[in-house]
Protein chains: 2
Amino acid sequence: MRMEEGAMHRTTIAKAARQADVGVETIRFYERKALIERPPRPAFGGYREYPAATIERVRFIRQAQKLGFSLGEIGDLLSLSADPSADCADVRERARVKLGEVEDKISRLIEIRHALDELIDACPGSGALGACSIMESLMGQGTQSAGTRPGKEKRP
Amino acid sequence: MRMEEGAMHRTTIAKAARQADVGVETIRFYERKALIERPPRPAFGGYREYPAATIERVRFIRQAQKLGFSLGEIGDLLSLSADPSADCADVRERARVKLGEVEDKISRLIEIRHALDELIDACPGSGALGACSIMESLMGQGTQSAGTRPGKEKRP
DNA sequence: CCTAAGACCTGTAGTAACTATAGGTTCAAG
DNA sequence: CTTGAACCTATAGTTACTACAGGTCTTAGG
């Protein structure tokens, strides 16, 4: 029972998705976004088949996303990888920019955490909303900080 | 030039937006989302006018957003504030939940920062992409185990 | 051989929180 | 009385998917 091309291993979209650890719809979505190539449908019937290189590419996309890159940025990175004149320094620079963005986000979130912390701490914890210091501070204008209460220990 | 109703102080949408420190389109957007009331157009011509309470509400929304609340959550908060049986503890609980979410986000971003840091550090800084350790790490296998995904494309 | 299940296909609509048009009306000044 | 600004409604775009609807294709069972 010989089969040319190893027929039982035909990588249809569902298998490709499993190999790249994404959903089928995600693959189709990347195709629509032109991040990956769309395998043509075989001329004489059958489903589209995904070459290993395409699955690799999807994995690349997911890895880059985990580092905070957007699909647009990842598209750039992928074009870069196809460019023989591209230099490593270019990639590193993009990573540095991303790092800066991540650091900014962290700072903003830490400020939010601090504000929430103070509000939660200052809140009496029961009673009508008219007396709720959290609601009050939201009603109050812009750059207002929460009312202070005795000491609050700091979080590491 | 006397005018009934203090004509020069009519708060049209642009003035309301300025007072709440948002764009005109944002006000209209909140109206569509039913977060604020839509002042009716005067029966006999003229523009819609925004009462102070509505502008307050917009400010409330912006303040709550700064703490990381989504518009959906803010809608709940606003309903709560209209409910005489609502308790301060309820608001505080929502703040606590939000604080938890913010902390999770911070942790995830710190992990990303760490990963980027290491990649940048390990990168040779020049040379072809074939030798770029950042690209390599993106190409390389992620935390991948083939078939971790459910066979069927439905997730709970 | 026929049927039914399941995987595939295309295309569209929904999510969050706006922003930005297009195309029309109304108002205030010159 | 004519600009020009501000208003009005309605729609499309953004991000990264997800979830259908409604059809086609393949394959396993009877």
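Residue numbers begin at 1 in each chain, while the letters A, B, ... track the order of the sequences. When reading the values below, keep in mind they use all heavy atoms of this one structure, side chains included, and skip hydrogens, waters and symmetry mates. Small disclaimer: the values here were computed from a predicted structure and weren't measured.
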L129(B)-I120(B) co-clustered via ILVMFWY side chain contacts under 4.5 Å: yes

Whole angstrom value for the distance that separates C1' of dT9(D) from CD1 of I27(B): 17 Å

Side-chain N or O of R62(B) closer than 4.0 Å to phosphate OP1/OP2 of dA17(C): no

dC8(D) OP1/OP2 closer than 4.0 Å to side-chain N/O of R48(B): yes

Basic-acidic side-chain contact under 4.0 Å: R28(B), E25(B): yes

Proximity to the side chain of F29(B) - top-ranked nucleotide from dC7(D), dA17(C), dC17(D): dA17(C)

Nearest-neighbour nucleotide for the K33(B) side chain, dC8(C), dT10(C), dA16(C) considered: dA16(C)

N/O (side chain, S70(A)) to phosphate O (OP1/OP2, dT15(D)) under 4.0 Å: no

dA16(D) OP1/OP2 closer than 4.0 Å to side-chain N/O of T26(A): no

Gap between atoms CD and C1', on E25(A) and dC9(C) respectively (whole Å): 10 Å

R32(A) vs dT15(D): side-chain N/O to OP1/OP2 distance below 4.0 Å: no

Point-to-point distance, once rounded to the nearest 0.5 Å, from CG of D121(A) to OG of S133(A): 9.5 Å

Whole-Å distance separating the CD atom of E49(A) from the P atom of dA7(C): 17 Å

side-chain N/O R28(B) vs dA6(D) OP1/OP2, d < 4.0 Å: no

Rounded distance (Å) that lies between atom P of dC17(D) and atom NZ of K66(A): 12 Å

Spacing between L67(A) atom CG and dA16(D) atom P, to the nearest angstrom: 14 Å

Interatomic distance where CD belongs to E31(A) and C1' belongs to dT12(C) [whole Å]: 17 Å

Transitive ILVMFWY side-chain link I134(B) to M139(B), under 4.5 Å: yes

Pair R59(A) + E56(A): basic N to acidic O under 4.0 Å: yes

Under-4.0 Å side-chain N/O to phosphate OP1/OP2 contact, Y30(B) with dA17(C): no

Distance in angstrom units between I13(B) CD1 and dT19(C) P, rounded: 13 Å

Donor-acceptor contact below 3.5 Å, side chain R57(A) vs main chain L35(A): yes

Sidechain-backbone polar pair: K98(A) side chain, F69(A) backbone, donor-acceptor under 3.5 Å: no

Side-chain N or O of Q65(B) closer than 4.0 Å to phosphate OP1/OP2 of dA16(C): no

Interatomic distance where CZ belongs to F69(B) and C1' belongs to dA17(C) [whole Å]: 17 Å

N or O in side chain of T12(B) less than 4.0 angstrom from dC7(D) OP1/OP2: yes

Nucleotide-resolved protein contact map, nucleotides 25-30 of chain C, B/S/- at heavy-atom distance under 4.0 Å: -BSS--

Lys/Arg N to Asp/Glu carboxylate O, R94(A) vs D90(A), below 4.0 Å: yes

